[in-house]
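Report on the structure given below.
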Amino acid sequence: MSRFFLRCIDRGCGAVFDSAEKLYQCPRCRDLLELAFEYRLPDPGQLRDLWRQRKASRDPLDVSGVWRFREVLPVASGDWGRAVTMGEGNSPVLEAPHSARYAGLERLRVKHLGWNPTGSFKDYGMTVAATQARLLGSRWVACASTGNTSASMAAYAGRAGLESVVFIPEGQIAYGKLSQTLDYGALTLQVEGDFDAAMRLVRELSADTDLYLMNSLNPFRIEGQKTVLFELLDQLEWRVPDRIVLPGGNLGNSAAFGKALLELAELGLIEKPPRLTVVQAAGAAPLYAMLRGGSSRLEPVAHAETRASAIKIGDPVSWRKALRALQFSGGDCQAVSEEEIAEAKAVLGRDGIGCEPASATTVAGLRRMARGEGTAALEAGEEVVAILTGHQLKDSEYTVDYHLGRLEGIEASGWSNPPRRVPADKARILELLERLG
């Protein structure tokens, strides 16, 4: 059986702790913690066969696209039956021909994590974090959120019989996400300040009380999110793409993907990792600024600005882990404007693939890279998979405002699709259809 424990990511410290301790940061040096494994598993071929066979099972653990890979999760086999699951994962890989042409690629596939129980990638991590909260005997769980984390945490807390409290930045959350949080019964506190202020509060309170923190600072969240790549590679028949592109906000997903690649290589499941490219909104791009300036430390953005609320974060807690992911994979970072995000989102819609604004940074970033703009570059013929992180209905107001030309400072492009006023006249409508056809 594999062994797992908490370990400080600072190589100079390297302190280790029991995984049953309620810790998010190293008590010695205050750096981040991660789950470390001493794997005792079957050979790669047997593992791949086992995970594939489980897809035919109706066991709730096998139905889950996270717990299907439970051999690489930090939960002892005797505790698997206590997993808090709602069939999360199993998000599809879709061809996106319109988006490929728009970005200047021969082919583009997208993995849409918005096809989850609460409509975002957060469910991959929350199922493991909620399970750990249950195993620790926690009564309350808490998070700071611009929407997706709170919706996911509240739902999984409800399933686990836990109480939940959410700290949201006042006026900076989309109603689609807020409606979920309220409906799932979370105590919702509107903080006078931005996401970073809310995050400071929840970190302080979780340190001083028995609140169990569920943001990506929690290393168990990262463990669930790393299974996105195990699932993706299984869907691709273990043919590794050249590049995986994902949005960057608090950088938990970037950290999780990097950890997945390290473990996939360690287990012999892949020989060479795909390059990771993180795309941030220009008004909330501290990782991009750090890499572009050649600095070794991230300088927070004092007042992050972007309408892509899911990535409106100026002080990402997981930046060190994300940086390690980019270094290991030979990856890079890109930043895109509000106009580029809005237009790319509309283009994805033409592929029948709706997404929230933050997700569209991937296609916007790829378009820039294919044109040789920014600091990252695409090589000819690269096989690319873009990660979409949230469902379109998470922020429906944004979509409608774009197509009606109501997004301040953003001009509606040729991709906008406003409704047309017509008389209640069959002949006139037929005439319009013929003209447009």
Side-chain angles (χ1 to χ4, degrees), residues 22 24 60 64-67 82-89 91 113-191 195 197-199 201-203 205-206 209-218 220-225 249-250 252-253 309-313 317 356 358 389-396:
K22 181 195 159 191
Y24 319 108
S64 167
V66 174
W67 293 97
R82 301 188 67 189
V84 184
T85 177
M86 293 194 288
E88 56 287 317
S91 58
L113 311 186
W115 292 33
N116 259 289
T118 73
S120 86
F121 76 95
K122 306 289 186 177
D123 295 349
Y124 280 91
M126 208 59 70
T127 179
V128 179
T131 298
Q132 179 65 5
R134 172 183 274 179
L135 293 174
L136 291 176
S138 300
R139 189 169 71 90
W140 282 87
V141 293
C143 72
S145 179
T146 58
N148 284 330
T149 300
S150 62
S152 184
M153 183 193 74
Y156 279 86
R159 296 292 293 181
L162 304 171
E163 300 293 336
S164 56
V165 56
V166 172
F167 296 76
I168 62 172
E170 189 172 23
Q172 297 181 37
I173 182 171
Y175 283 156
K177 303 171 188 179
L178 178 60
S179 67
Q180 291 178 283
T181 306
L182 300 176
D183 223 25
Y184 300 147
L187 171 62
T188 304
L189 306 178
Q190 297 188 72
V191 176
F195 171 84
M199 189 70 216
L201 279 172
V202 75
R203 288 173 71 172
L205 286 164
S206 64
T209 70
D210 63 355
L211 284 178
Y212 189 60
L213 185 148
M214 300 284 266
N215 285 96
S216 57
L217 188 68
N218 184 324
F220 288 86
R221 270 274 311 276
I222 300 300
E223 292 302 304
Q225 286 168 217
N250 217 17
N253 238 9
S309 61
I311 55 173
K312 188 178 179 180
I313 297 168
V317 298
E356 69 173 344
T389 48
H391 195 280
Q392 179 187 34
L393 297 181
K394 288 284 190 172
D395 197 348
S396 56

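Starting from 1, each residue takes its place in the sequence as its number.
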Minimum heavy-atom distance between [X] and [Y], given as atom pair plus value:
X	Y	value
Y184	A154	CB-CB, 3.6 Å
T209	K22	O-NZ, 2.8 Å
L162	A133	CD1-CB, 3.8 Å
E88	P117	CA-CD, 3.8 Å
G147	T181	O-OG1, 4.3 Å
S152	M126	OG-CB, 3.3 Å

>> Applying side chain to side chain contact (heavy atoms under 4.5 Å, CB included) to Y156 and V141, what does each step give before you reach the verdict?
In response: CA-CA 10 Å; Y156 279 86; V141 293; over 6 Å; no
Report the residues that fulfil side chain to side chain donor-acceptor pair (under 3.5 Å) with [X], sequence neighbours left out, ordered by chain and then residue number.
X	value
T118	D123
S164	none
Q392	none

>> Does either side chain, that of N218 or that of Y212, offer a donor lying less than 3.5 Å from an acceptor on the other one?
In response: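 N218 vs Y212: donor-acceptor pair found between side chains.
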> For R159, which residues count as a side chain to side chain contact (heavy atoms under 4.5 Å, CB included) partner, sequence neighbours excluded?
Replying inline: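 R159: side chain to side chain contact (heavy atoms under 4.5 Å, CB included) contacts with V84, M86.
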> A310: what forms a side chain to side chain contact (heavy atoms under 4.5 Å, CB included) with it, not counting sequence neighbours?
Replying inline: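 Per chain and number, A310 pairs via side chain to side chain contact (heavy atoms under 4.5 Å, CB included) with N148, K177, E356, A358.
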What I'd like to find out is whether the side chain of [X] reaches to under 4.5 Å of the side chain of [Y], using heavy atoms alone.
X	Y	result
H391	N116	no
N215	V317	no
E163	L187	no
T188	I168	yes

> Step by step, would you call V202 with L213 a side chain to side chain contact (heavy atoms under 4.5 Å, CB included)?
Replying inline: CA-CA 7 Å; V202 75; L213 185 148; 4.3 Å; yes
Distance check, rounded to the nearest 0.5 Å: [X] atom [atom1] versus [Y] atom [atom2]?
X	Y	atom1	atom2	result
Q190	L178	CD	CG	7.0 Å
Q225	N253	CD	CG	5.0 Å
R221	C143	CZ	SG	8.0 Å
I222	Y124	CD1	OH	15.0 Å
K122	S150	NZ	OG	9.5 Å
F195	S309	CZ	OG	11.5 Å

> So, S179 side chain and G176 main chain: donor-acceptor pair closer than 3.5 Å or not?
Replying inline: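 Yes: the side chain of S179 pairs with the backbone of G176.
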>> Applying side chain to side chain donor-acceptor pair (under 3.5 Å) as the test, list every pair that has at least one member in residues 127-144; sequence neighbours left out.
In response: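 Residue pairs with at least one partner in residues 127-144: W67-T127.
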